[in-house]
Amino acid sequence: MPAEPVGNSETVMPVVTIDVGGANTENEDYKIDDTRISLLKRNVQYVLTGTTDKRVSVWGNNNSEEGLKEAHYIKLNNTTINGGIVVENSPVRMVVEVADGTVNTVKRLCANDLTISGSGTLNAEDLSSTQKTSYMPSRLTITDTEINVTIARNYAEWNGECVVGGNAKVTYTTDLNYAPLHMGESSRDDNNSFTLKDNAKLYCLHQNPDQASDSSVSGLEIFYGDLTLEGNSYLEAQGRPTNGKYAGYGIFTQNNISVKDNAGIKTTATDVALSVVGALEISGGTVTAESKGSNGIYAGGAITITNGAEVKASGHYPAIWAEEKITIDGSTAEAKSEADVGIYSRNDDIEIKNSIVKADAAEDCDGILAGGDVTVE
């Protein structure tokens with residue numbers, strides 16, 4: 001179908017509609033052959049309909065000046081692409097609109113800089129923001145779309161600045177022996193950040209969460225970059241038990257986690273349910289963490305629970321464990337340990353003010369214990 005302009009007088013983008021199940025053809029905008037559908041232009045909106053087992057191919061731009069300005073624009077309109085949308089060379093900026101009310105399947109959707117919007121549904125086997133290049137940082141933005149990723153190989157990755165907002169609902173599910181989603185693994189630097197905001201929801205789940213594995217299988221692993229939840233956003237993750245020495249975490253991060261406003265986290269695991277090597281700040285919102293064999297919540301730094309937050313943690317060992325100070329102010333916290341202390345600071349103080357705290361410990365163990373002082377006001 002010939003290109004038609006869309007936009008206003010200042011910004012006009014040609015629109016090209018393609019039935020991906022159509023016959024082989026070639027024109028200045030696209031080419032369909034026996035194996036793929038090639039989108040030949042950038043800064044053109046391609047509207048894809050129909051069903052195909054072929055792949056849709058796009059090409060990156062090695063010219064840094066042009067590459068940062070140009071993008072592949074794709075609108076999914078009740079289409080099934082079993083070959084996926086494939087980047088033939090990198091880097092690529094890709095802007096995907098999922099038409100409102102439509103259901104679409106794209107086997108694989110990955111790009112260096114990926115933006116997804118629209119109130120439709122997108123099903124996939126992999127959806128990732130890939131590793132940065134020398135001039136194009138990694139980025140992922142998802143707004144409003146319902147995305148269901150059933151992992152078919154290893155795991156998905158989010159790298160760079162990643163923001164999920166609006167009414168987006170993103171679910172990663174796997175039956176493999178990996179955490180379904182890894183954050184910041186390829187871009188191992190300080191340029192990673194992960195934010196859930198507005199009413200966005202992220203689920204990192206296992207098809208068989210109670211099935212034991214031979215190694216540690218977590219729900220969400222964050223290698224580099226802080227995680228922030230704000231607004232009414234929500235994150236849920238599961239870790240699996242093990243046949244061996246190491247069980248899975250619900251959420252494991254090498255960095256910091258911040259929960260604000262009315263946001264929420266729910267996580268379950270056999271090892272630590274919510275494990276934070278850095279600091280954990282819960283300023284409003286809710287956190288529920290349940291471990292069958294370790295800590296409900298562990299932080300290598302401080303734990304701060306303020307501003308009306310509600311925290312429920314349970315574990316075999318201390319339900320809430322911080323290496324540094326624990327502060328609970330104007331909030332509610334419940335901690336239950338089957339075999340140890342309820343709330344524990346290894347090296348610092350525990351300060352509780354204007355709060356309701358219930359700490360259940362094992363017999364002959366303290367409900368609240370600190371390496372420093374415990375003060376209650």
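Side chain of T143 to backbone of S117: no donor-acceptor contact under 3.5 angstrom is found. Using modelled atom types, no side-chain atom of R139 and backbone atom of S129 make a donor-acceptor pair closer than 3.5 Å. Under the 3.5 Å distance criterion, the side-chain polar atoms of N192 are left unmatched by any main-chain donor or acceptor of N159. For S345 (side chain) and E324 (main-chain N/O), a donor-acceptor pair under 3.5 Å exists by modelled atom type. Y46 places a side-chain N or O within 3.5 Å of a backbone atom of K41 that can act as its donor or acceptor partner. Using modelled atom types, one side-chain atom of S128 and one backbone atom of E157 make a donor-acceptor pair closer than 3.5 Å. Under the 3.5 Å distance criterion, the side-chain polar atoms of N43 are matched with a main-chain donor or acceptor of A71. Of the possible donor and acceptor atoms, one in the side chain of S213 sits under 3.5 Å from a partner among the backbone N and O of S215. When atom types are taken as modelled, the side chain of S355 and the backbone of K353 share a donor-acceptor pair closer than 3.5 angstrom. Proximity of a side-chain donor or acceptor of D226 to a complementary backbone N or O of N256 within less than 3.5 Å is detected.
Taken from OG in S218 to CD1 in I251, the straight-line distance is 10.0 Å, to the nearest 0.5 Å. Note: N167 CG to D144 CG = 5.5 Å, rounded to the nearest 0.5 Å. Between atom CG of residue L140 and atom CE of residue M94 there is a gap of 12.0 Å, rounded to the nearest 0.5 Å. Rounding to the nearest 0.5 angstrom, the gap separating the CG atom in N255 from the CE atom in M183 is 12.0 Å. Taking CG of N262 as the start and CG of N199 as the end, the distance is 10.0 Å to the nearest 0.5 Å. From S90, atom OG reaches atom CG of D113 across 12.5 Å, with rounding to the nearest 0.5 Å.
Each of T80, N82, I81 was evaluated against T52; a single residue qualifies, I81, per the side chain to side chain contact (heavy atoms under 4.5 Å, CB included) test.
Under 3.5 Å, the side chains of E70 and N61 contain a donor-acceptor pair of N or O atoms. R240 and N177 share a side-chain donor-acceptor pair at under 3.5 Å. No hydrogens or angles considered: a donor-acceptor pair under 3.5 Å links the side chains of Y155 and E185. With no hydrogens or angles considered, a side-chain donor-acceptor pair links Y298 and E323 at under 3.5 Å. Between the side chains of E88 and S57, at least one donor N or O lies within less than 3.5 Å of an accepting N or O. Counted by atom type alone, D33 and N24 present zero donor-acceptor pairs between their side chains at under 3.5 Å. With hydrogens and angles left out, the side-chain atoms of E161 and S193 include no donor and acceptor closer than 3.5 Å. No side-chain donor-acceptor contact under 3.5 Å links N104 and N123.
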inquiry  = Pair E97, T145 - check side chain to side chain contact (heavy atoms under 4.5 Å, CB included), show working.
reply    = CA-CA 9 Å; E97 179 184 352; T145 312; over 6 Å; no
Would you sort out whether L220 and Y172 count as a side chain to side chain contact (heavy atoms under 4.5 Å, CB included), showing the intermediate values?
CA-CA 10 Å; L220 171 62; Y172 284 85; over 6 Å; no
query = Does the pair T173 and V149 meet the rule for a side chain to side chain contact (heavy atoms under 4.5 Å, CB included), with working shown?
reply = CA-CA 6 Å; T173 308; V149 183; over 6 Å; no
Step by step, would you call I142 with V170 a side chain to side chain contact (heavy atoms under 4.5 Å, CB included)? CA-CA 9 Å; I142 302 172; V170 182; 4.1 Å; yes
*asked:* Could you walk me through whether Y203 and Y234 satisfy the ring-ring contact (aromatic ring centres under 6.0 Å, His included) test, starting with their C-alpha distance in whole Å, then the side-chain angles of each, then the deciding distance to 0.1 Å, before giving a yes or no?
replied: CA-CA 8 Å; Y203 298 85; Y234 178 77; 5.8 Å; yes
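Residues S216 and G248 come closest through the heavy atom pair OG-CA, 3.6 Å. Nearest heavy-atom pair across T133 and P91 is CG2-CB, 3.5 Å. Residues G296 and A289 come closest through the heavy atom pair O-CB, 3.3 Å. Across all their heavy atoms, L127 and A156 have their closest contact at O-CB, 3.7 Å. When all heavy atoms of A269 and G250 are compared, the pair lying nearest together is CB-N, 3.2 Å. For the residue pair A299 and G278, the shortest heavy atom distance occurs at CB-O, 3.9 Å.
In the hydrophobic clustering of this structure, I305 groups with L227; members are Ile, Leu, Val, Met, Phe, Trp, Tyr whose side-chain heavy atoms approach within less than 4.5 Å, directly or through other members. I257 and V272 are not part of a single hydrophobic cluster, where members link through side-chain heavy atoms under 4.5 Å apart. Side-chain heavy atoms closer than 4.5 Å link hydrophobic residues (I, L, V, M, F, W, Y) into clusters, and following such links, possibly through other members, connects I18 to V106. I352 and I297 fall within the same hydrophobic cluster, defined by Ile, Leu, Val, Met, Phe, Trp and Tyr side-chain heavy atoms under 4.5 Å apart, directly or through other members. Hydrophobic clustering (side-chain heavy atoms under 4.5 Å, transitive across Ile, Leu, Val, Met, Phe, Trp, Tyr) groups I326 together with I265.
For the pair L235/L196, a side-chain contact is recorded, criterion being any heavy-atom separation below 4.5 Å from C-beta on. Residues Q211 and P209 are not in side-chain contact: their nearest non-hydrogen atoms beyond the backbone lie 4.5 Å or more apart. Residues L76 and T102 have side chains not in contact (no heavy-atom distance under 4.5 Å, counting atoms from C-beta outward). A 4.5 Å side-chain heavy-atom check between L48 and I74 finds at least one atom pair inside the cut-off. By the 4.5 Å heavy-atom criterion applied to side chains, I343 and I350 are counted as neighbours. By the 4.5 Å heavy-atom criterion applied to side chains, L274 and L280 are counted as neighbours. You'll find the side chain of L39 stays beyond 4.5 Å of the side chain of I85, heavy atoms only. A 4.5 Å side-chain heavy-atom check between D329 and N354 finds at least one atom pair inside the cut-off.
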Please report, to 0.1 Å, the donor-acceptor pairs under 3.5 Å made by any side chain of residues 360-377, with sequence neighbours excluded.
none

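Salt-bridge annotation for K325 and D349: absent, with no side-chain N of the basic residue lying under 4.0 Å from a carboxylate O of the acidic one.
R108 CZ: 12 or fewer foreign heavy atoms inside a 6.0 Å radius. Within a 6.0 Å radius of NZ in K107, other residues, nucleotides and ligands contribute 12 heavy atoms or fewer. Other residues, nucleotides and ligands place no more than 12 heavy atoms under 6.0 Å from the OH atom of Y178.
A salt bridge (Lys or Arg N to Asp or Glu O under 4.0 Å) check over residues 292-315, counting only residues at least two apart or in different chains, returns the pairs D210-K292.
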